[in-house]
2 protein chains.
Amino acid sequence: MNEKFIIALRRIALMGGMHDYIAISSRELGDRLDMSQQSASKRILELLEADLIQRDLGARRQRIRLTEEGISLLRQEYLEYQKIFELKGHVVVHGLITRGMGEGQYYVHQPIYKEQFSDKLEFMPYEGTLNVQIDAADVDKLEILRNSDGIIIDGFERNGRTFGDVKAFSAKIHNIHCAVVMPARSHYSDVIEILCQYHLRRTLGIGDGDRVEVIIDVD
Amino acid sequence: MNEKFIIALRRIALMGGMHDYIAISSRELGDRLDMSQQSASKRILELLEADLIQRDLGARRQRIRLTEEGISLLRQEYLEYQKIFELKGHVVVHGLITRGMGEGQYYVHQPIYKEQFSDKLEFMPYEGTLNVQIDAADVDKLEILRNSDGIIIDGFERNGRTFGDVKAFSAKIHNIHCAVVMPARSHYSDVIEILCQYHLRRTLGIGDGDRVEVIIDVD
DNA sequence: ATTACTATATACCGAGTAA
DNA sequence: TTTACTCGGTATATAGTAA
């Protein structure tokens, strides 16, 4: 079911439909997809119905572009292939040190989390996380982390507040062993939080705006 | 036809079938592909028939791995997605074919330019440029080109006359590979000049006043 | 438990054609 | 020219089984 959609979306994306409306007739799309004009027309209607594309149906020629959902569906596909061909045990991302903001800070102070970090990551984390804003070129790689299990740190409840599961990935930052932590059911983010047994800013002599490389283990 | 194959191959690859035989029953594969055991069994036979996988049919459990052809088929797919996502910037503009006027015509005939076009654009340009008058709605997008480096074609001097640097952008016009060329230090213009290895008016069956769409790479 | 055959149900495609 | 309907033929999937 989905596959027919993806093939068509991919074709449209290759013609530039991710960035802008492109003019394409149902016959032209059909030719490129090796199908009839009728089937291509039907496919377009199905994609519209599924909110994967949007259309500007002009008098002479329709113009089509992918919706956000369409793009994200394609990106998911791309990620499957990245997993196959690029995942050789680790993901390398680059980014800039940014100031706080993350929730990681707060987590680390919770004794129940802290104990698990120490058990499962095999180091006692320094009280605080280092936040790294990942380069646009590398954000897709974070999707691999969201799709991987990682090391699960169990959530808990305290004082009526729920602390959800957290997952951690063993990692290295400039050759120092550390861990990337994120909510187990994470929403999209281009910032990662790093736990380490040392005070990374001091140990590495780095600060806000400095560029770092993080090598994250995934299996 | 091919798509069913690719989905199944990808699934097997994700389970490690690219590097080694993996033990997987037809039921298990069916579950992962959201299909019945029977269909998965059939799919495996089809993949074998097409030489995309090889199988070691043991007494209790079959073991499967991808063949070289299977891997290369998957790699081709991966490449499609790389084309889509790694190529960040396109500019899509629309306009009308107009008659000559541009300087491009003259440039192409200069051997020193011509040689560079052939080297750097990776096609031998047809002797002449196609001029496109860009719609008022799209002229602003041309500013992006003026602010991008593009592919620099070095200028030269000849007979006391100076030929300045020219910059080129790889582009597509109605899905034919071409290049947009302009002076490296360009003044404002709402006309772009297109170089192609084919005679575009003839190849596309277009002429003065016809509307075209040009997709320009700006990475 | 397997794999895989046959027979039936379903989904899909495209020819013909309207608007 | 377009887009997109209906309808019938074919391809594909699965249920029921056999080995």
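Worth saying up front: this structure is predicted, and the values here are computed from it rather than measured. So you know, we letter chains A, B, ... as the sequences are listed, proteins then strands, and number each from 1.
Separating the CZ atom of Arg63(A) from the C1' atom of dT2(D) is a distance of 16 Å, rounded to the nearest angstrom. Put simply, CZ on Arg27(B) is 11 Å from P on dT14(D), counting in whole angstrom units. As a whole-Å value, the separation of Glu3(A) CD from dT12(D) C1' is 15 Å. Atom-to-atom, CG of Leu57(B) to P of dA4(C) comes out at 6 Å; the value is rounded to the nearest Å. Taking atom CD of Gln62(B) as the reference point, atom P of dA1(C) lies 17 Å away to the nearest angstrom. Here dT12(D) presents its P atom at 13 Å from NZ of Lys4(A), a figure rounded to the nearest Å. Atom CD1 of Ile64(B) is separated from atom P of dT2(C) by 13 Å (rounded to the nearest Å). Atom CZ of Phe5(A) is separated from atom C1' of dA11(C) by 13 Å (rounded to the nearest Å).
OP1 or OP2 of dA4(C) sits under 4.0 Å from a side-chain N or O of Arg55(B).
Scored by the side-chain hydrogen bond (donor to acceptor under 3.5 Å, both in side chains) test, Arg55(B) finds Gln62(B) as partners (sequence neighbours excluded). The side-chain hydrogen bond (donor to acceptor under 3.5 Å, both in side chains) test applied to Glu115(A) returns no partner, not counting sequence neighbours. In this structure Arg65(A) satisfies the salt bridge (Lys or Arg N to Asp or Glu O under 4.0 Å) test with no other residue, sequence neighbours excluded. With sequence neighbours left out, Ser170(A) forms a side-chain hydrogen bond (donor to acceptor under 3.5 Å, both in side chains) with His177(A).
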Practice prompt. Evaluate the side-chain contact (heavy atoms from CB on, under 4.5 Å) criterion for residues Arg43(A) and Ser39(A): first the C-alpha distance (whole Å), next the side-chain angles of each, then the deciding distance (0.1 Å), finally the verdict.
Written response: CA-CA 6 Å; Arg43(A) 187 61 31 90; Ser39(A) 295; 5.7 Å; no
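Contacts between residues 33-49 of chain A and DNA chain C, counted as heavy-atom distances below 4.0 Å, involve Met35(A), Ser36(A), Gln38(A), Ser39(A), Arg43(A).
No side-chain heavy atom of Cys196(B) sits less than 4.5 Å from a side-chain heavy atom of Tyr126(B).
Under the 3.5 Å distance criterion, with hydrogens and angles disregarded, a donor-acceptor pair is assigned to the side chains of Gln37(B) and Ser26(B).
Axis deviation across the helix from dT2(C)-dA19(D) to dA19(C)-dT2(D) amounts to 40°, comparing end segments of five pairs, rounded to 10 degrees.
Ring geometry for Tyr113(A) versus Phe156(A): interplanar angle over 60°, hence perpendicular rather than tilted (30 to 60°).
Leu47(A) CG to Thr67(A) OG1: the interatomic distance, rounded to the nearest 0.5 Å, is 9.0 Å.
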